[in-house]
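Lettering follows sequence order; numbering is per chain, from 1.
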Amino acid sequence: MLIPIPSGPSSLLPKSFYTGNDVVNIARSLVGKIISTKIDGIHTSGIIVETEAYRGPDDQACHAKNDIRTPRTEVMYHEGGILYVYICYGVHPMVNIVTGEEGNPHVVLIRAIEPLTGIETMSERRGFYRNAVGLTSGPGKVATALGIHRVHQAKPVWNPSDAIVQLYDSGLSGFNIVEGYRVGMSKYTGPCAFRPWRFFMDKNPFVSRPLQVHYPDAWNAVD
DNA sequence: TATAGGATAGGCT
DNA sequence: GCCTATCCTATAG
């Protein structure tokens with residue numbers, strides 16, 4: 001089940017990885033990278049297999065749509081390379097990586113990972129689960145399994161001396177990336193729901209759900 | 001296998 | 001007051 005990672009040293013992604021490109025390109029290139037956490041001295045990690053780009057202010061699916069700048073969205077406006085953690089439905093934390101230069105509210109949502117290390121710990125954090133795939137096959141699951149919560153808001157992910165959250169190049173290659181509509185859109189999102197800003201590793205069982213081919217026509221219009 | 005509903009809280013109109 | 005970048009369980013087929 002596990003992806004074979006090429007041996008040899010894996011390299012920490014530098015800060016420039018997050019600031020020197022557009023959020024959509026970064027979301028695509030994060031598929032196949034490694035996200036790791038060291039929380040309470042325990043190391044967990046996984047291969048990123050699914051991401052989404054959120055590109056405010058001109059993206060109605062983004063929390064910073066129309067440049068809504070509030071205490072919640074403030075972190076998104078920071079320089080890229082830090083965490084944005086958001087609680088969805090009052091229950092589930094979601095792991096996002098801020099990208100771009102300061103002032104651009106751009107983030108990448110980590111939607112699914114394939115577990116690599118610390119699987120026992122991830123299982124404990126998640127509680128009982130029906131099968132191995134259910135461990136990290138969704139954004140809320142990913143945050144819980146990795147132990148990321150709102151206390152980690154604005155944490156840098158590129159700092160060699162801060163191992164709380166880090167992203168690495170895996171050296172993994174030979175996989176295909178599928179792109180499609182983002183998950184969880186509604187008619188209130190408007191035309192932005194149809195931007196192909198979701199990326200996932202083809203045929204990977206940890207991807208949260210099948211490719212969304214189209215949304216109902218009703219979503220094109222808001223009442 | 002597919003679908004429906006509840007949990008749960010904070011942000012925004 | 002309504003919506004939300006979700007997850008889990010129960011129930012029906």
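The side chain of A:Ser186 places an N or O atom within less than 4.0 Å of a non-bridging phosphate oxygen (OP1 or OP2) of C:dT4. Distances shorter than 4.0 Å separate some side-chain N or O of A:Arg126 from OP1 or OP2 on C:dC8. Within the 4.0 Å cut-off from OP1 or OP2 of C:dA5, not a single side-chain nitrogen or oxygen of A:Tyr54 is found.
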Would you list the protein and nucleotides 8-13 of chain B atom pairs, both N or O, that sit under 3.5 Å from each other?
unit_1 : atom_1 : unit_2  : atom_2 : d
B:dT8  : O2     : A:Tyr89 : O      : 2.4
B:dC12 : OP1    : A:Thr70 : OG1    : 2.9
B:dC12 : OP2    : A:Thr70 : OG1    : 3.1

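Within the 4.5 Å cutoff, the side chain of A:His149 has heavy atoms near those of the A:Ile87 side chain. You'll find the side chain of A:Ser36 reaches within 4.5 Å of the side chain of A:His43, heavy atoms only. In this structure, A:Cys192 and A:Lys65 have side chains that are not in contact, with every pair of non-hydrogen atoms separated by 4.5 Å or more. Annotation: side chain of A:Ile47 is in contact with side chain of A:Ser170 (closest heavy-atom distance under 4.5 Å).
For A:Gln60 and A:Asn66, the side-chain atoms include at least one donor-acceptor pair closer than 3.5 Å. Checking A:Thr19 against A:Lys15 by side-chain atom types alone, no donor-acceptor pair falls below 3.5 Å.
The interatomic distance linking A:His92 (NE2) with B:dA7 (P) rounds to 13 Å, in whole Å. When rounded to the nearest whole Å, the span between CG of A:Asn96 and P of C:dT4 equals 17 Å. Between A:Lys65 atom NZ and C:dT4 atom P there is a gap of 8 Å when expressed in whole angstrom units. Rounded to whole Å, the distance from CZ on A:Arg182 to P on C:dA5 is 10 Å. Across the protein-nucleic acid pair, A:Arg209 atom CZ and C:dT6 atom P stand 6 Å apart, rounded to whole Å. Between the CD atom of A:Glu50 and the C1' atom of C:dA5 there is a distance of 11 Å, rounded to whole Å.
Across the P atoms, B:dG5 and C:dC3 are found 16 Å apart, a figure rounded to whole Å.
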Where each pair must be Watson-Crick or G-U wobble with both distances under 3.5 Å, what dot-bracket representation of DNA chain B is obtained, with crossing pairs in [ ] and other-strand partners as |? |||||||.||||.
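Between A:Glu179 and A:Arg198 there is no salt bridge, since none of the side-chain N atoms of the basic residue sits less than 4.0 Å from a carboxylate O of the acidic one.
Checking side-chain atoms of A:Glu52 against main-chain N and O of A:Arg111 turns up no donor-acceptor pair under 3.5 Å.
Counting non-hydrogen atoms of neighbouring residues, nucleotides and ligands closer than 6.0 angstrom, the CZ atom of A:Arg150 reaches no more than 12 such neighbours.
Which of C:dC8, C:dT4, C:dA5 sits closest to the side chain of A:Lys141 comes down to C:dC8.
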